[in-house]
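Read the structure below first, then the notes.
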Amino acid sequence: MMATKMVFAAALLAALVALPGAAAPAPVTVSEAHEQSLGLPPILKARERAITENRILAERLDTIIPAIMREQRIDLWLLVAREYFEEPVVASMLDAENMHARRRTILIFHDPGDGKPIERLTVSRYGLGGLFAPVWDPGKQPDQWQAVADIITKRNPTKIAINTSDLYQFADGMTLSQYEKFVAALPAPLGSRIVSGEALAIRWLETRTPAEMEIYPKIVRTAHMVIDEAFSRSVITPGVTTAEQVQWWYRDRLLQLGLDPWFHPSVAIQREGAKGMLEGDEVILPGDLLWTDFGITYLRLNTDTQHLAYVLKPSESKAPEGLRQGLANSNRVQDMLTRHFAVGRSGNDVLALTRAEAVAAGLDPSVYAHPIGLHGHGAGPSIGFWDNQNADPRGSGLIAANTAWSIELTTYAAVPEWNGQRVDFRTEENAFFNGANVRFIDGRQTEITLIPSE
């Protein structure tokens, strides 16, 4: 299986380079530490966003689809969605002007073999931004399902992949009603050729292209800068501002910027002498350790970040050493985790290797990293869960090159300055795995953000 993954990565790279005027993708350049001094990147207007999204989508269809279909030896892939009920894969293939499927939208990818281009067909009235060729004339064949059956019969594929999966939500888009209609129209001999398109769906969604990685650093930079603003005196007045007010400040700030959150932001407080995380209407005070979990969706890509901040007491100029060491511990586990990434290695194996190394180093970790990209909790193998640090079926998938990740984890440590209180040092940063190594897309937090109390 590792060899298969390597073949896929090589095929994808060759396909990308083969594009007219294309060159080998440049390595993603990122810094180790997140630099707070850099400004907020410009936010594109609606038309500029659409142009960018459509350009990237066209490249993805031209390069990823041939690579994954040939890697999986699937010669026909059928995708079905209905208006306002788009399955995850179809939703990711709609151009910027077609925000939803029209009525029932059926997509067909067909590989004719012999190195010929993949056919991209839509059995609908519309061409979807010119990315798919419309091949249904209701005037000649009013039955849409029969039209699908006729198209497939003519091409006589060896395998017909449909999106069905008990394990991955991203690959389970074929509903029962649509499956029954499809099978009823399909000639019986072809029905036996239906297979799961699970691997195709995961490969399509998890793979990042050079064009996406060119813009991803600016997207993550934008999220980082909004967090920097949230963790500042411009937003937080110690003794006055509550955790919940900072949460809603995030939402208002994104409205001002024209950006969308992919989940409601979290803000919580750890305080000397207090048990657990304090949230909601709890007022932020000097001496508090603040935690936030924040993510945006922009240009179809998602971010997911957790940072820490400390509210200085009037006599302090830095956070207590025990808190700073706690973040350093989490940074160490980040290094361990990313070091164990390898093409063809399962998420469960990376989890086990990371935990074993961290525990041997005297750390108390909990690892729950996940893929990210077109979805916040993206397609691909998980690496642990906060409520399960053992092997999990969702972590059995194999890691592939050209994938993006949320390196999400925590370590626990007793803080001497807080009378040995056990503190949770959560961290999460977005990263890119090129098949050889993992790099943070816009650096990572290596020092606790400081918020003056006066």
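Computed from a prediction, not measured in an experiment: that's the story for all the values here.
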Could Arg394 and Tyr168 be counted as a cation-pi pair, given that NZ or CZ must be under 6.0 Å from the ring centre and within 45° of the axis? no
Suppose we call two aromatic rings close when their centres sit under 6.0 Å apart. Are His307 and Phe231 close by that rule? no
Min side-chain heavy-atom separation Tyr368-Thr410 under 4.5 Å: yes
Taking atom CG of Asp252 as the centre, does the number of heavy atoms from other residues, nucleotides or ligands within less than 6.0 Å exceed 12? yes
In terms of heavy-atom contacts, does CD of Glu282 have more than 12 from other residues, nucleotides or ligands at under 6.0 Å? yes
For the residue pair Arg233 and Ile451, establish whether any side-chain heavy-atom pair is separated by less than 4.5 Å. yes
So which atom in Met93 and which in Leu57 form the shortest heavy-atom distance, rounded to 0.1 Å? O-CD2, 3.4 Å
Run Leu289 and Phe425 through side-chain contact (heavy atoms from CB on, under 4.5 Å) and show every step you take. CA-CA 10 Å; Leu289 180 67; Phe425 294 92; 4.2 Å; yes
Using a 6.0 Å distance limit plus a 45 degree cone around the ring axis, check whether Arg439 lies over the aromatic ring of Phe432. no
Can you establish whether the number of heavy atoms outside Arg70 located under 6.0 Å from its atom CZ is more than 12? yes
Between Arg324 and Glu321, is the salt bridge (Lys or Arg N to Asp or Glu O under 4.0 Å) condition met? List the steps. CA-CA 5 Å; Arg324 288 185 281 135; Glu321 173 60 26; 3.0 Å; yes
Considering only NZ, NE, NH1 and NH2 on the basic side and carboxylate oxygens on the acidic side, decide whether Lys159 and Asp75 come within less than 4.0 Å. no
Minimal heavy-atom distance between Ala50 and Glu97, with the atoms involved, is CB-OE2, 3.9 Å
Is it the case that Ser406 and Asn430 place a side-chain donor and acceptor less than 3.5 Å from each other? yes
Evaluate Glu229 against Arg253 for salt bridge (Lys or Arg N to Asp or Glu O under 4.0 Å), listing each step before the verdict. CA-CA 10 Å; Glu229 190 175 355; Arg253 184 67 174 121; 3.0 Å; yes
What I want to find out is whether Asp364 reaches Arg422 closely enough, with some N-O distance under 4.0 Å, to be called a salt bridge. yes
Below 4.0 angstrom, N of the basic side chain to O of the carboxylate: do Lys45 and Glu48 qualify? no
Taking all heavy atoms of Phe341 and all of Leu337, pick out the closest pair and write down the distance. CD1-O, 3.3 Å
Please find the pair of heavy atoms, one from Val283 and one from Gly239, that lie closest to each other, and give the distance. CG1-C, 3.3 Å
Side chains of His370 and Asp304: do they bring a donor and an acceptor to under 3.5 Å? yes
For Ala243 and Ile269, the nearest pair of non-hydrogen atoms, with its separation, is CB-CD1, 4.4 Å
Val423 vs Tyr412 side-chain heavy atoms within contact, under 4.5 Å: no
Salt bridge check, Arg426 against Glu408: does any charged N sit closer than 4.0 Å to a carboxylate O? no
Arg120 bridged to Asp62 by N-O distance under 4.0 Å: yes
dist Ile162:CD1 -> Leu200:CG (nearest 0.5 Å) comes out at 12.0 Å
Centroid-to-centroid, Tyr250 to Phe294, below 6.0 Å? yes
Indicate the atoms forming the closest heavy-atom contact of Leu205 with Ala379, along with that distance. CB-CB, 3.6 Å
Pair Arg444 + Asp335, salt bridge at N-O below 4.0 Å: yes
Arg300/Glu212 ion pair, N-O < 4.0 Å: no
No-hydrogen, no-angle side-chain donor-acceptor test under 3.5 Å, His377 and Gln169: no
Less than 4.0 Å between a side-chain N and a carboxylate O, is that true for Glu71 and Arg203? yes
